[in-house]
K.L.:
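Could you have a look at this structure, given as structure tokens, before my questions?
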Amino acid sequence: MNAVTPAKAGRREWIGLVVLCLPALLTTMDLTLLFMAVPKLTADLNPSSSQLLWASDIYGFLIAGFLITMGTVGERIGRRRLLMIGAVFFGVASVLTAYADSPEMLIAARALLGVAAATLAPSTLSLLRTMFQDEKEGTTAVTIWTTSFMVGGVVGPIAGGLLLDHFWWGAPFLLAVPVMILLLVAGPMLLPEYKDPAGGRLDLVSVGMSLAAILPAVYGIKELAREGFETLPAVSLVIGLAFGVAFVLRQRGLSVPLLDISLFARAAFSVSVGTLLLTTGLMMGIQYLLATYLQVVLGMSPAEAGLWQLPVIIPGMVAAVVGTGISQKIGTPPVLIAGLLVGSVGFGVLTQVDGNSGTALVIVSSAIMFIGLAPVMALGIGTIVQAAPVERAGAASALASTTNEMGGAVGIALVGSLATAVYGSTLDDNLPDGVTGQAQEAARNSVSEAAAVAGELPGRVGGELSTAAHDAFAHGMEVASFVSIGVLLAMAALVAVLLRKALPAPAAPAEPQVAGAAGESVPTPAQSA
């Protein structure tokens, strides 16, 4: 029997892609909205510092914790059905967040929002695997979907800042409501349903073990990054790692695992997961430092800093789409290698930034980084999903999303900790006379606290402290950038050695086979309501 080519996507699938990009965009937006609302929120609800910390973090914690579980649940009950359920809960949780009248209600609403968001990413990504059976179209669709996350990171500060200028602190969260209503109306008309007919029962023990692995690990990483070494976060990280090992061992012994560990035996899958983890980590870590530089060193508001990301995000989005197109002609590994090398050039430019560099050099270095690494992230996610069989697309999509979340947490922790350590050491060596005691200790903690201290000191001393802190922070970014260059070059070598064998260059396209005299028909995705 002659080979047949998968059916091409039609207008319905491409419109459906737009619908699937909306919840992805909102998920990222919600990560930034609460940070911007903190001043007004604090005045209205008067939360303690601990309550404010939990309100900020619990959303990301629960997204990371529930992604793998929700990816598998979607395969059991139907990916579209889970997406619709998640849309309802995300809309309700957004309203509860917007109208929270106490810190406790805010934390609870953000927790529900995190669980609901965990249903959206794996559901949308795995549905793309079902809708776009052609490999080239599927890669393009995943690239567009991935860029929607990038757009959300920029739109969040801009839209949130504009709403906060005119309304109460909860108004930005209501942006999710019309989008979720649109998803509930358009989803059943445009999106196919798919569930794994051999999915079996959900292993609740594995669900509990996955949560016990991811939640303590993410908490430990974030707290160690924020506060430095402390016993509780360190113990939490160790507990998470121990449960992670136990989780992997259990999955190997199950006939229907929550996460198919055998996927990692595929070089294309495992190398792509590692590349995505490290690339996302470096990007998130450096973006965290750059956001601080723009707002503290250059004195921008969050909305202004968001607007300055447009010259970064737009070229990156274009590069992701162009890189995807090129990969379909010459193969994925050469594009990944080129992207990693271009990204290292961007980090190289960033090493030239100092406390007086201004905006241009920061934006140029960020744009070069994004142009290089945006295609790497998009193709990494696409390779992970495409490397898994269609019936395991939900689990693979959840793992890709979890990798993004974990990469962000690890990147901010490691890159942020390195930059903070260099900042503190450098500032110690350059403190002006007159900064002693508690003022010195506070200034050493972070450049933000140094700015606050400088405002309380006499004019000359305050100005000298501000200059020294800005230079020390820029030196911390410089050291972090040099380390990032080394990591990217090592990753490029790894991809060249391992991934080039696992993902050979595309063969010349064969003549498509369609239903004809021989009676063969074009295969369609196995679907069930």
Side-chain angles (χ1 to χ4, degrees), residues 139 142-143 146 263-287 289 315-316 319-320 322-352 365-388 396 399-400 402-404 406-419 477-507:
T139 303
V142 170
T143 300
T146 303
L263 290 173
F264 286 93
R266 307 183 183 199
F269 187 89
S270 56
V271 174
S272 296
V273 168
T275 302
L276 180 62
L277 179 72
L278 292 174
T279 303
T280 303
L282 292 179
M283 281 297 292
M284 290 294 290
I286 288 295
Q287 287 298 316
L289 297 178
V322 172
T324 298
I326 294 174
S327 73
Q328 294 167 359
K329 299 181 182 299
I330 67 174
T332 297
V335 177
L336 292 179
I337 293 169
L340 293 168
L341 294 178
V342 171
S344 69
V345 172
F347 279 103
V349 175
L350 189 61
T351 63
Q352 304 306 303
S365 63
S366 300
I368 297 173
M369 264 187 274
F370 220 75
I371 288 170
L373 298 184
V376 175
M377 290 186 285
L379 288 172
I381 292 175
T383 303
I384 291 170
V385 177
Q386 293 289 344
L399 185 61
T402 304
T403 301
N404 259 335
M406 292 295 290
V410 171
I412 291 174
L414 298 184
V415 176
S417 296
L418 173 61
M477 286 202 306
E478 176 187 3
V479 173
S481 297
F482 275 119
V483 172
S484 300
I485 291 171
V487 173
L488 291 178
L489 294 178
M491 288 166 58
L494 186 66
V495 169
V497 172
L498 297 180
L499 209 56
R500 288 180 70 90
K501 297 178 181 178
L503 294 174

K.L.:
Which heavy atom of P333 sits nearest to which heavy atom of V495, and what is that distance?
P.N.:
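So the minimum-distance heavy-atom pair works out to O-CG1, 4.1 Å.
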
K.L.:
So, for A320 and A378, which heavy atoms are closest and what is the spacing to 0.1 Å?
P.N.:
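Closest heavy-atom pair between A320 and A378: CB-CB, 4.4 Å.
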
K.L.:
Return the OG1 to CD1 distance between T332 and I337, rounded to the nearest 0.5 Å.
P.N.:
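Result: 11.0 Å between the selected atoms.
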
K.L.:
If I compare all heavy atoms of L373 with all of G339, which pair ends up nearest, and what's the gap?
P.N.:
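Closest approach of L373 to G339: CD2-O, 3.9 Å.
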
K.L.:
Mind listing the closest non-hydrogen atom pair of A480 and L418 along with its distance?
P.N.:
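For A480 versus L418, the nearest heavy atoms are CA-CD2, 3.9 Å.
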
K.L.:
Using 0.5 Å steps for rounding, measure from the CE atom of M283 to the OG atom of S484.
P.N.:
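With rounding to 0.5 Å, CE (M283) is 10.5 Å from OG (S484).
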
K.L.:
Grab the two heavy atoms, one from I485 and one from S344, that are nearest each other, plus how far apart they are.
P.N.:
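In this case the closest contact between I485 and S344 is CG1-O, 3.6 Å.
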
K.L.:
Looking only at non-hydrogen atoms, find the nearest pair between T275 and T279 and report the distance.
P.N.:
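In terms of heavy atoms, the two residues are closest at O-OG1, 2.7 Å.
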
K.L.:
Given L488, which of L278, L340, L341 fulfils the side-chain contact (heavy atoms from CB on, under 4.5 Å) condition?
P.N.:
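The passing option is L340.
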
K.L.:
Within the 4.5 Å heavy-atom criterion, are L276 and M377 side-chain neighbours or not?
P.N.:
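They are in contact (side-chain heavy atoms under 4.5 Å apart), so the answer is yes.
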
K.L.:
Looking at CG of L289 and CD of E478, how far apart are the two atoms once the value is rounded to the nearest 0.5 Å?
P.N.:
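One finds 13.0 Å between CG of L289 and CD of E478.
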
